[in-house]
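Heads up, the thing below is written out as structure tokens.
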Amino acid sequence: MKKLGTPQWLMVGGAVLVTVLLVLAPRTPSGKAEANAASARVSEDPNSGSTPQVDGPLSKDPRVAAILAELNAGGPPMQIILKLRDLAEKEPDNAEAQFHLGVFSWQTGQYDKSMDRFRKVIALDLKGYPDAYAFLGRAYASLDSTTLAVEALTTYKTLVTDTALSNGAQRLIDELEHKGS
């Protein structure tokens, strides 16, 4: 097994920090979180850069939830992420595990890997994970694939019912289209 260098540990530490901050972030008022459970959001805050944020329960799958809880409790990040990856390898159709691995890849700037995970989630459950489209769109935008980013974000807008989320996605689409012209 290959030893991790300082850059890899910094990325893992950053992913853990982002996960902890997301867990500690304010939640949607009661009722709305259930309607949009386990969602990554294109933020309504214009200063946010419309970064998707994981919101709601960590996972609908109890095995994935247990793994994520272990990570949030301060367990060794790489070992815990490897548990999630092992689950995803044993059960390649586990959209929940694929989604969270995509989030971790996205958080650490591994956009190609995250896009593969999010495309797989979309193939497994076309409408069950609208936030996969939000993350996919942001990953495409990060890699300057404006057309693909706009397509993913446009699909995201059709799948979410929250006007604020739809408006945030539209602002990002407008930014991308303006940047491309």
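Side chains are part of it too, since the values below use all heavy atoms of this structure and drop only hydrogens, waters and symmetry mates. Keep in mind that this is a model prediction, so the values were computed, not measured.
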Side-chain H-bond candidate by donor/acceptor type, Gln170 with Asp174, under 3.5 Å: yes
Non-hydrogen side-chain atoms of Val103 and Phe118 separated by less than 4.5 Å: yes
Parallel, tilted or perpendicular: rings of Trp106 and Tyr111 (30°, 60°): perpendicular
Point-to-point distance, once rounded to the nearest 0.5 Å, from CG of Asp61 to CG of Leu68: 9.5 Å
For the student: nearest non-hydrogen atoms of Pro130 and Val160, plus distance: CB-CG1, 4.2 Å
Distance (rounded to the nearest 0.5 Å) between Gln110 CD and Ser105 OG: 5.0 Å
Check ion pair Lys83-Glu70 (N to O, under 4.0 angstrom): yes
Lys/Arg-Asp/Glu bridge criterion (N-O < 4.0 Å) met for Glu175, Arg171: no
Lys/Arg-Asp/Glu bridge criterion (N-O < 4.0 Å) met for Asp116, Arg119: yes
Verdict with supporting geometry, Thr147 and Leu176, side chain to side chain contact (heavy atoms under 4.5 Å, CB included): CA-CA 9 Å; Thr147 303; Leu176 290 169; over 6 Å; no
Flag side-chain contact, heavy atom, 4.5 Å: Leu153 against Tyr133: no
Expected output: side-chain Ser145 to main-chain Ala141 donor-acceptor under 3.5 Å: no
From CA spacing to verdict: side chain to side chain contact (heavy atoms under 4.5 Å, CB included), Ile173, Lys157: CA-CA 10 Å; Ile173 290 169; Lys157 281 180 45 181; 3.9 Å; yes
Pairwise side-chain contact, Leu165 with Tyr156, heavy-atom cut-off 4.5 Å (strictly under): yes
Atom of Gly137, atom of Ala149 and distance for their closest heavy-atom approach: O-CB, 3.3 Å
Inter-residue atom distance Leu84.CG - Asp86.CG, 0.5 Å rounding: 9.0 Å
Beyond-backbone contact of Arg117 with Phe99, side-chain heavy atoms, under 4.5 angstrom: no
Exam field: side chain Asp131 to backbone Ala134, donor-acceptor pair closer than 3.5 Å: no
Lys60 NZ/CZ over Tyr129 ring centroid, <6.0 Å and within 45° of normal: yes
Transitive ILVMFWY side-chain link Leu87 to Leu124, under 4.5 Å: no
Minimum side-chain heavy-atom gap Arg138-Leu172 below 4.5 Å: yes
Nearest-0.5 Å distance, CG of residue Asp162 to CG of residue Asn167: 8.5 Å
Residues Arg63, Glu91; criterion side chain to side chain contact (heavy atoms under 4.5 Å, CB included); working and verdict: CA-CA 12 Å; Arg63 294 164 300 168; Glu91 298 178 22; 2.4 Å; yes
Point-to-point distance, once rounded to the nearest 0.5 Å, from OG of Ser114 to CG of Leu143: 8.0 Å
Gap between atom CD of Gln107 and atom NE2 of His100 - 0.5 Å precision: 10.5 Å
Nearest atoms (heavy-atom pairs only) where Pro92 meets Lys120: O-CE, 3.1 Å
Smallest separation among heavy atoms of Arg85 and Leu101, with atom names: CA-CD1, 3.7 Å
Minimum side-chain heavy-atom gap Lys179-Asp144 below 4.5 Å: yes
Closest contact, heavy atoms only, Ile122 versus Ala132: CG1-CB, 4.0 Å
